[in-house]
Structure formats: structure tokens, C-alpha cells
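Written below as C-alpha cells is the structure these notes are about.
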Amino acid sequence: MNIELEKNYNYKEAEKKWYEYWISNKLFSATSNSNKPPFAIVIPPPNVTGELHMGHAMDHTLQDIIIRGRRMMGFEAVWIPGTDHAGIATQKKVEDKIRKEGQTRYTLGRDEFIKKVWEWKNQYGSQIIEQCKRLGDSCDWDRLRFTMDEGCSRAVKEAFYRLYKKGIIYKGRRLINWCPRCRTALSDLEVNHKNSKSKLYYLKYNFKDQEGCITIATTRPETILADSAICVHPEDERYKNVVGKEVIIPIANRAIPVIADDVVERDFGTGALKITPAHDPTDYEVGKRHNLPTYIVIDEKGCMNDEAGVYAGLDRFECREKIAEDLEKAGLMEKVEDYTNAVGVCYRCDTVTEPYLSWQWFAKMDDLAKKALEAEKEGKVKFTHPRYANTYRTWLENIKDWCISRQLWWGHRIPVWTCEDCGHVDSYLEEPTKCPKCSGEHLKQEDDVLDTWFSSGLWPLETLGWPDKTKDLEFFYPTKVLITARDIIFLWVARMIMFGLEFEGKVPFEDVHVHATLMDKSGKRMSKSLGTGIDPLVLIDKYGADALRFALAQMTGQGQDIKFPVDYKKGTKEIERAERVETARNFANKVWNATRFCLSNIPSDIKIKELDFSAMTDLDKWILSRLNKACMTTKKAYDTYSFDVMADELLEFFWYDFCDKYIETVKPIITSENGSQTVQAQILLYVLNSFVRLLHPIMPFITEELWHLLPQTEGSIMKADYPQYDEKFNFANEEKIAEIVFETVRGIRSLRSDAGIAPKKIVKINVSTKDENYLEVVKKYADTIKILAGAEIIISSEDNVTKALVYMYGVNQILLSAEEIDNLEKQIADMEREASKIAKLVESLNKKLSNKAFIENADQNIIENEKARLAEAQVKESKLTEQIKILKS
RNA sequence: GGGCGCAUAGCUCAGAUGGUUAGAGCACUACGUUGACAUCGUAGGGGUCAAUGGUUCGAAUCCGUUUGCGCCCACCA
């Protein structure tokens with residue numbers, strides 16, 4: 001009957017066992033044929049190239065908590081998993097791989113290369129999924145999707161087709177961001193700006209028809225070959241007379257005009273700017289305004305092209321140095337200064353990007369953005385932290401058209417075909433066999449693929465079956481909440497909102513919860529490339545998935561970035577200790593051991609369902625009331641995504657109230673001969689039963705294990721109800737009584753410790769007060785106090801004046817006879833220190849209460865409160881000084 | 001250049017709408033181990049709440065300025 005358990009919780013075995021159990025019992029699956037209210041979350045699909053990092057661990061922990069919690073609360077909760085084909089990232093990975101085999105994508109050719117990528121995906125693409133399972137993710141794995149699977153591909157085509165037909169998608173020749181390594185266009189969001197130490201070159205442009213020159217400052221002398229003009233500010237007195245004249249480009253020896261435009265900052269450099277429309281975004285705009293010709297001198301590889309004459313074939317950076325040298329030789333370089341500026345780099349490969357004039361596909365953003373903006377303002381989608389709503393708004397208000405074409409091979413090929421016979425261009429949902437215009441059969445599809453974020457923007461729709469009107473879509477859409485990291489609010493979140501509104505007329509999720517970013521000890525963002533990453537799997541191996549999850553939940557406050565402290569073994573990258581996770585592991589062990597204690601002392605046939613209130617003490621009711629409060633606090637935390645509050649409340653309740661106080665209090669009863677049949681035994685099991693359910697969403701493995709060990713439970717804890725707040729368990733009065741008992745215990749322990757009394761020695765303690773209520777409680781719970789504090793209570797009269805050490809609990813004196821004390825001098829000093837502290841408090845309260853302005857302005861209840869505090873402090877002070885006097889005599 | 005966030009104990013962080021002697025965990029000190037747990041228990045030391053000015057009867061909390069750190073956006077070449 002009595003169950004014997006291991007001394008420490010063995011998470012390694014349990015995690016494996018229960019995950020398999022959940023899978024084989026299909027406990028993660030959800031259906032749209034349900035009477036329950038729907039609750040869906042789509043996972044931010046990790047890249048197929050990805051490995052689980054701490055960001056995922058955080059992200060997934062929070063989502064899994066919500067999903068598991070809501071599932072227990074009676075929702076048809078589904079968490080839809082999947083992975084992202086991650087165009088550039090994956091293509092790069094495979095390119096790197098085939099390079100080792102002496103190949104490039106160009107030597108292989110498009111079809112062969114894509115085949116290689118698929119092979120790679122099939123081999124490694126599920127790695128991250130397996131890692132998610134280690135964390136305990138309760139995704140409905142039967143719904144696993146991939147952004148390039150058949151359904152997603154169809155959704156992408158449909159979305160493109162509709163936007164194209166509406167005129168939202170168009171093709172244009174524009175200056176876009178180009179990555180010369182990836183050899184593709186990038187959207188503005190895919191370019192990171194990095195400070196770079198560079199040089200500012202001052203170059204002389206001689207006038208064509210007169211003496212003298214204009215000096216301009218540039219960081220990119222290699223682009224002078226493509227200059228179209230020199231530009232000055234229209235109101236700049238220095239250059240008033242030269243606007244309209246012509247100057248000669250150094251080296252190129254081509255004449256270009258001097259123009260005026262107010263983009264020029266008069267204070268920068270010399271106040272004169274060279275205009276190179278094809279190689280700089282500002283210049284491009286100026287060029288358009290002034291109808292300047294465009295010259296292109298840099299090619300798609302970042303090398304100088306044939307237009308660059310003798311420089312043709314040189315890399316752009318080599319060319320920069322070479323030209324600078326040549327200018328120097330020609331005496332056209334006035335000076336060179338060190339200069340720090342921001343250069344754009346590719347967000348995937350860190351290569352410096354190049355403004356590149358080319359034909360690309362764009363999506364018009366104004367209308368889509370307007371709707372996305374309105375939806376947020378109307379509260380249809382809510383950011384749980386208002387500051388992210390602000391960044392979202394500002395971005396949408398200043399949005400530019402989105403370049404959606406990529407010159408990659410891995411991705412969704414743009415569904416547009418051109419008729420080679422008549423030149424007709426159109427988008428089709430299915431591959432056309434002949435031209436609808438001329439019936440010609442020579443149709444050629446666009447070579448470009450779509451931006452990865454185009455397909456992930458459709459994620460909530462495509463995973464639910466869109467464009468079909470599926471039952472899933474009807475039932476689960478819009479999803480409830482999106483939980484994600486901060487860095488993809490624009491790239492991903494905003495685009496999903498736009499597409500959701502455009503294609504389904506509804507936002508794709510009601511709430512957006514942006515969680516904290518994890519940083520290392522020094523405050524650097526945790527990332528693999530910075531070398532600041534930590535492998536969550538190492539932490540799971542070391543402390544268990546439950547511990548990692550609990551620690552992460554506890555650490556994610558109000559979206560504030562958090563440092564994750566880790567100690568490494570000296571001189572290595574091996575983790576010695578992760579303090580927060582260790583604490584969480586200890587908590588898991590505490591839960592394990594408390595349960596172990598109860599199960600080994602209480603027979604499994606004791607009824608936990610019908611609690612006998614009539615047999616309960618105040619302390620019994622107190623722990624039930626505390627449990628009840630925990631139900632309320634955690635439920636509220638689900639509604640507000642306050643994971644830290646949830647975790648803290650559960651830990652505090654269980655460790656400090658249930659284990660340290662309640663179990664210790666009832667231990668003698670339980671372990672006595674007939675103790676296992678008492679209401680206290682019943683309550684222990686009742687609390688455990690409820691508590692493991694409250695804890696399950698955060699620590700799924702250990703709670704499942706314990707659920708199966710606890711009596712009168714059935715099946716999986718995942719199928720159990722989430723405990724709810726119930727007014728009939730609210731015992732406010734008993735909570736006050738419990739506080740008196742435990743605070744008195746604390747006082748006695750403190751006295752004993754100060755006096756250096758051996759822990760096992762039972763001492764006599766006098767309590768002395770006018771407070772009848774206090775005396776009554778202490779009398780009633782004298783046994784409990786004796787158990788917990790090792791003290792026999794003697795009620796003394798108020799004017800008891802024996803020599804004693806005193807601990808003031810409110811106005812109540814807890815006295816330890818001076819005979820017990822060996823270090824009396826020190827104790828007197830401590831008491832004097834205490835007394836002087838209280839004297840200061842009395843003084844400040846007196847001052848406050850005699851302040852007329854305070855009495856006139858403060859709320860009545862605050863004044864009352866302060867008066868009560870003063871009265872109490874005065875009593876404390878006088879009792880303490882009195883005792884000190886007696887002790888000294 | 002614009003915007004946002006942060007600064008509280010040695011470390012990591014809590015501290016709606018201003019009103020307790022400013023809290024927790026880790027670390028530290030002392031004591032404690034045959035009966036749930038040393039991955040533990042009990043007690044304790046430790047902070048002029050970054051600086052400065054202001055609003056207020058009253059400020060860690062509200063406002064201004066400064067300093068330091070982090071992040072986002074941006075066409076000063």
C-alpha cells in the first residue's frame with residue numbers, strides 16, 4: 001500500500017517515457033469537429049536548417065504552457081507545427097556543402113541543385129523537430145507543415161495570383177538591395193546596418209570650360225565612373241555661380257552637369273555631392289527628379305563591369321583602392337579622412353550589400369498597410385506590450401513597397417509566364433500550356449523565386465488549409481495568440497496581419513505576445529554567430545526539460561530583455577552551472593520528494609474527493625485557501641501571459657507554504673499510528689492532486705509521472721481539468737490565524753538562533769500581550785508551535801517583568817528567559833539596535849501625523865493606517881526599552 | 001539623425017493607478033543530517049533604489065536634465 005520512490009527524481013527516464021506515451025495516445029491532436037471552444041497557436045516555423053537555440057526554447061516553452069493550460073481548461077487547443085524553407089539560409093548551407101565537393105550551383109544547374117537541396121532537407125530538416133520534442137512541445141505533429149509542401153505551394157500561388165490580378169503585385173526596374181554573394185535582391189528588412197571604419201575621399205572635379213574645380217567628398221570613389229552629376233544645395237552661396245556649368249569626372253574624363261537639389265547637406269564634406277543614380281539610393285531619387293542618365297559599373301557579383309574600362313573585372317573594394325591610388329597620382333585627390341559610416345550587410349551572409357538597379361517584383365504596401373494599421377487601432381489585434389504596438393504602427397505608417405523577388409533557386413518560383421510568341425505576360429494558378437492571347441505554346445516562367453517571408457506571411461492561413469474553405473479554417477481561424485521574439489515583428493508578424501486581412505478579412509491572431517530576448521552574462525544578445533549561444537539540449541541533459549522550462553517561464557517578465565547567467569568550466573565552453581535552471585531543478589526535486597513523503601505515509605484508498613470540512617483545523621483551511629489563491633493567480637496569469645507570475649506563485653505556494661509549513665505541521669499527525677486516516681492525510685493528497693495539475697503546463701514531465709503515482713487519478717494528466725478558483729475554499733479568517741501561528745514560530749526560532757540554543761532543545765517561551773485574539777490563537781496552536789519551534793508556550797500577564805530576550809510580533813511580546821542565554825551582552829546590543837530603529841520609525845510617523853498638510857490631503861484610510869502603525873510602533877518601542885532596562889539591571 | 005527600453009543588495013531580477021522599516025532567488029555567514037528532500041532545513045548580514053533639478057503633505061514609483069548600457073528605425077555622401 002505504501003509506495004516507495006527513488007530519493008531523487010530521474011528526469012532522464014521520465015522524459016523519454018512520457019513523451020512516447022503522449023504521442024502513442026495521440027494526446028496532442030485536436031479536431032475541428034469539437035464542441036469545445038477553439039484555441040489555436042501556429043508555431044513560428046523554425047528554419048529547416050536550424051538547430052534548437054535558447055530563443056526557440058523560450059518561445060516554445062511559453063507556447064507550450066499556454067497550449068497545455070488551455071487544453072486542460074476545456075479548449076480544443078491545437079498547436080500547429082512546421083518548418084520554414086528559409087530560402088537564402090538553406091540555399092547557402094547547401095552551396096557550402098557542394099563547394100566541398102568541388103561544385104557550385106552554376107556547375108550543377110538549377111534542377112540538379114534544387115534536387116540537392118531537397119535531399120538535404122529530407123536528411124536534416126527534421127532535426128529541429130526532434131529537438132523540439134525534447135523540450136516537451138505538445139504540437140499536433142500530424143499537422144506538421146513545411147512552407148514548400150504542396151499545400152503551402154498552392155497557397156502561395158493563390159495569394160500571388162490574387163494580388164497580381166488586383167494590381168498589388170507589379171514588376172519594375174528599381175534600385176534594390178543586392179547581395180553580391182547570394183546574388184539576389186533583398187528587401188529593406190533583410191539588410192542590417194553595421195558601423196564600418198572607412199575613408200572619406202575628397203576628389204577634385206575640374207570645370208570643363210573654366211579654370212578651377214569642385215571638390216566633393218565620397219566614401220565610394222569606385223563609383224565615380226558612373227557619375228551623372230555633381231549636386232549642391234540651391235541656397236549654398238559658395239556654389240551659386242557654378243550651377244549649370246559642367247565638370248569633368250576624373251579618370252573617366254566625361255563631362256557632367258552641376259545641379260542643385262536640397263537633399264544636399266551643406267555642412268557635410270564640401271557641400272558638394274556626386275550623383276551616381278545606379279549605385280546609391282539617394283542619388284537614384286535625385287537622378288529621377290533631374291532626369292539624369294544612369295550608368296552601371298558594378299555587376300551582380302560585386303565586380304566592376306566592362307563600363308569600368310581599365311578597372312573591369314576588379315572587385316569593388318579592390319577597385320576602390322586602385323582608383324584612389326590613380327586619383328592620387330593624377331593630383332585629383334585633395335585629402336583622405338578616416339570615417340565611420342553605416343554599411344548595409346546581408347542578414348544571412350553578412351556580405352556588404354550593393355544598391356543594384358534591376359527588374360524586380362514588388363508588392364504595393366499602402367493599402368495593405370492601411371488595413372493592418374486600422375485593425376490594430378481598432379483592437380482587433382492586441383500587442384500585449386503596448387510599446388510594440390507603437391513600433392508596429394510607426395513601421396506601417398512609413399512603409400515602402402516590398403521587393404518580393406529573389407534571384408535564388410530554392411523557393412516558390414514566381415507564377416508568372418511570358419508568351420515568347422506574343423509577349424503576353426500573366427499570372428496563372430496552374431502552369432499554362434498555351435497563351436490565352438495568341439494560343440502560342442512557348443510560355444516561359446519567371447526564373448525568380450519569392451521572398452521566404454512571402455510564404456511565411458501566409459502561415460496561419462496555409463496551415464489551416466487555405467485557400468480551401470476547410471473546416472479547420474472555419475473553426476480555428478483566427479488563431480488566439482502569436483508568441484514570438486522581437487526581431488521579426490516587421491518581417492513576419494506585420495505581414496501575416498496584412499495577408500490575413502487581405503485574404504480572410506480577419507486578423508490571423510487576436511493577441512501578439514512578444515517575449516524577452518535572452519542575453520548572455522555581459523548583456524550581449526544570445527546568438528550562435530556572436531558565440532554567445534547556449535545549447536538548450538545541454539541544459540536539458542544536465543537539469544531536465546522541466547527545469548529549463550520552469551526557469552525560462554520564471555525569467556520572462558514584462559518583455560524585458562534578460563541575462564541568462566551561466567558559469568563555464570574554467571577555460572572551456574562547457575557549462576558548469578546554470579544557476580536559474582539549477583534552482584528550477586531543485587524545485588522539481590522538492591515536488592518529487594514532497595509527493596514521495598505523502599505517498600509513503602498515506603494509503604491510496606483514502607478519499608480525496610469529499611473533504612470533511614467539519615474535521616478541519618484553521619491551518620487545514622488555510623492551506624486550502626492558499627491553494628485556491630494559487631488557482632486564481634495562475635488563471636489570471638494565463639489571461640495576461642504573465643508567465644513569471646505563474647511560475648513564482650506555484651513555487652512559493654508549494655515550497656514555502658505547503659512543504660515548509662503545512663507538511664511540517666501535520667507530519668506528526670500523518671506519521672502517527674492512525675494518522676493516515678485523518679482529514680490532514682486527505683488534504684495532503686488533495687493539494688498534491690491539484691498542484692500537479694496547476695504545474696503541469698510548465699513542468700509537463702514530472703507532473704505526468706506524479707499523476708500516475710498519485711491515487712485516484714486516471715489516464716494522462718493532460719486529460720485532467722485545470723483546477724479552478726472556488727469561493728467555498730476562500731478562508732480569509734483562517735489565513736490570518738495561520739499567519740499568527742507561523743509568525744510566532746518565526747519569532748521563537750529567531751530568538752533561539754540569536755541565543756545560540758541547540759536546535760533540539762525544547763525551551764519555554766512566555767508570550768505576553770493584551771491582545772486576546774492573539775493569546776487565543778497561540779493557546780489553541782501551542783502544540784503546532786511546539787512542533788515547529790521546539791518551544792513550550794506559557795501565557796504571561798502583561799506586566800510580566802522577568803529578565804528575557806524579546807521578539808516583538810506586532811504589539812505582542814515573545815519572550816525567551818534570559819537564563820537560557822549565554823551571549824547576553826551581544827543580545828542586548830542587538831535589541832538596542834532594534835529599539836533605535838523603531839524609535840526612528842516612531843519619530844518619522846509622529847512627524848508625518850502632526851503635519852497638517854498630510855492630514856488635510858491624504859486619504860482617510862491612509863491616515864488611519866499610519867495612526868495604527870504609530871500606535872504599534874510606540875508599544876514596540878516601549879516594551880523593547882523596558883526589556884533592555886530589565887536585562888541590564 | 002529619429003524613436004524605444006533599461007539602470008534597485010556582490011550577481012540575476014520583482015516592485016499597476018506615488019503612502020509598510022524597499023523584496024525574492026543565487027552567492028555569503030552561523031547552526032543543523034537515522035525517517036520526504038544536503039538538489040535540504042533554520043536563522044542572519046548586506047541596498048543613501050545611476051546622478052541632478054522639480055511636482056507633491058509624501059517619490060524607487062510622476063515630470064525635466066545629465067551620465068552609462070542595450071535595441072529599433074533612418075537616403076549625411
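The figures that follow rest on heavy atoms only: side chains count, while hydrogens, waters and symmetry mates do not. Remember, it's a predicted structure, so these values are computed and weren't measured experimentally. All chains are named by letter (A, B, ...) in the order of the sequence lines, taking the proteins before the strands, and each is independently numbered beginning at 1.
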Distances for protein N/O vs nucleotides 56-63 of chain B N/O pairs under 3.5 angstrom?
from	atom 1	to	atom 2	distance (Å)
B/C57	O2'	A/N851	ND2	2.7

Nucleotide [N], atom [atom2] - distance to [atom1] of [X] in whole Å:
X: A/R752; N: B/G44; atom1: CZ; atom2: C1'; answer: 16 Å
X: A/D520; N: B/C69; atom1: CG; atom2: C1'; answer: 14 Å
X: A/D487; N: B/G70; atom1: CG; atom2: P; answer: 18 Å
X: A/I216; N: B/C76; atom1: CD1; atom2: C1'; answer: 13 Å

Problem - Distance below 4.0 Å between A/Y656 side-chain N/O and B/G25 OP1 or OP2 - result: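 For B/G25, OP1/OP2 do have a side-chain N/O of A/Y656 under 4.0 Å.
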Handout entry: Distance below 4.0 Å between A/S750 side-chain N/O and B/G44 OP1 or OP2
Key =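 Answer yes for this pair, as a side-chain N or O of A/S750 is under 4.0 Å from OP1 or OP2.
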Practice task
Report, as a single string ordered 5' to 3', how protein heavy atoms within less than 4.0 Å touch nucleotides 4-10 of chain B: B base, S sugar-phosphate only, - not at all.
Solution key: SSS----
Handout entry: With sequence neighbours excluded, residues passing ring pair (Phe, Tyr, Trp, His ring centres under 6.0 Å) with A/Y662
Key =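 With neighbours one apart ignored, the set is empty.
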Practice task
Could you list the residues that satisfy ring pair (Phe, Tyr, Trp, His ring centres under 6.0 Å) with A/Y9, not counting sequence neighbours?
Solution key: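 Counting only residues at least two positions away or on another chain, A/Y9 forms a ring pair (Phe, Tyr, Trp, His ring centres under 6.0 Å) with A/W592.
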Problem - Over-ring placement of A/K667 relative to A/F597, 6.0 Å and 45° cut-offs - result: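 Positive - A/K667 is close enough to the ring of A/F597 and near enough to its axis.
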Exercise for the section: Look at the side chain of A/K563 and decide which nucleotide, out of B/C73, B/U12, B/A43, has an atom nearest to it. Expected result: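 Nearest nucleotide to the side chain: B/U12.
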Practice task
Please determine, for the side chain of A/R486, which listed nucleotide (B/C72, B/G25, B/C71) has the closest atom?
Solution key: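 Ranking B/C72, B/G25, B/C71 by closest atom to the A/R486 side chain puts B/C71 first.
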Practice task
Write down the distance separating the P atoms in B/G47 and B/U56, rounded off to the nearest Å.
Solution key: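 Per the computed distance, 33 Å lies between those P atoms.
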Handout entry: Gap in Å between the two C1' atoms, one belonging to B/G15 and one to B/G23, rounded
Key =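 It comes out at 7 Å once rounded to the nearest Å.
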Are there any protein N/O atoms within less than 3.5 Å of an N/O atom in nucleotides 35-38 of chain B, and if so, which ones and at what distance?
from	atom 1	to	atom 2	distance (Å)
B/A36	O3'	A/R596	NH2	2.9
B/A36	O2'	A/N593	OD1	2.6
B/A36	O2'	A/R596	NE	3.0
B/A36	O2'	A/R596	NH2	2.6
B/A36	N7	A/K667	NZ	3.1
B/A36	N6	A/E664	OE2	2.8
B/A36	N3	A/N593	O	3.1
B/A36	N3	A/A594	N	3.2
B/C37	O4'	A/N593	OD1	3.0
B/C37	O4'	A/N593	ND2	3.3
B/C37	O2'	A/N589	ND2	3.3
B/C37	O2	A/K590	NZ	2.8
B/C37	N3	A/K590	NZ	2.9
B/A38	OP1	A/K7	NZ	3.4

Problem - Each stem that RNA chain B is part of, given as range with range (3 or more consecutive Watson-Crick or G-U pairs, under 3.5 Å) - result: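 Stem list for RNA chain B: B:1-7 with B:67-73, B:10-13 with B:23-26, B:28-32 with B:40-44, B:50-54 with B:62-66.
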Practice task
Decide whether A/K274 and A/T223 meet the rule of one side-chain donor and one side-chain acceptor closer than 3.5 Å.
Solution key: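 Their side chains do contain a donor-acceptor pair, which is all the 3.5 Å distance test asks for.
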Exercise for the section: Look at the side chain of A/R585 and the base of B/U39, then say whether one donor and one acceptor between them are separated by less than 3.5 Å. Expected result: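 Such a pair is found, so the answer is yes.
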Handout entry: Charged N-O contact under 4.0 Å between A/K840 and A/E843
Key =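 Looking at A/E843 together with A/K840, the answer is no, because their closest N to O distance does not fall below 4.0 Å.
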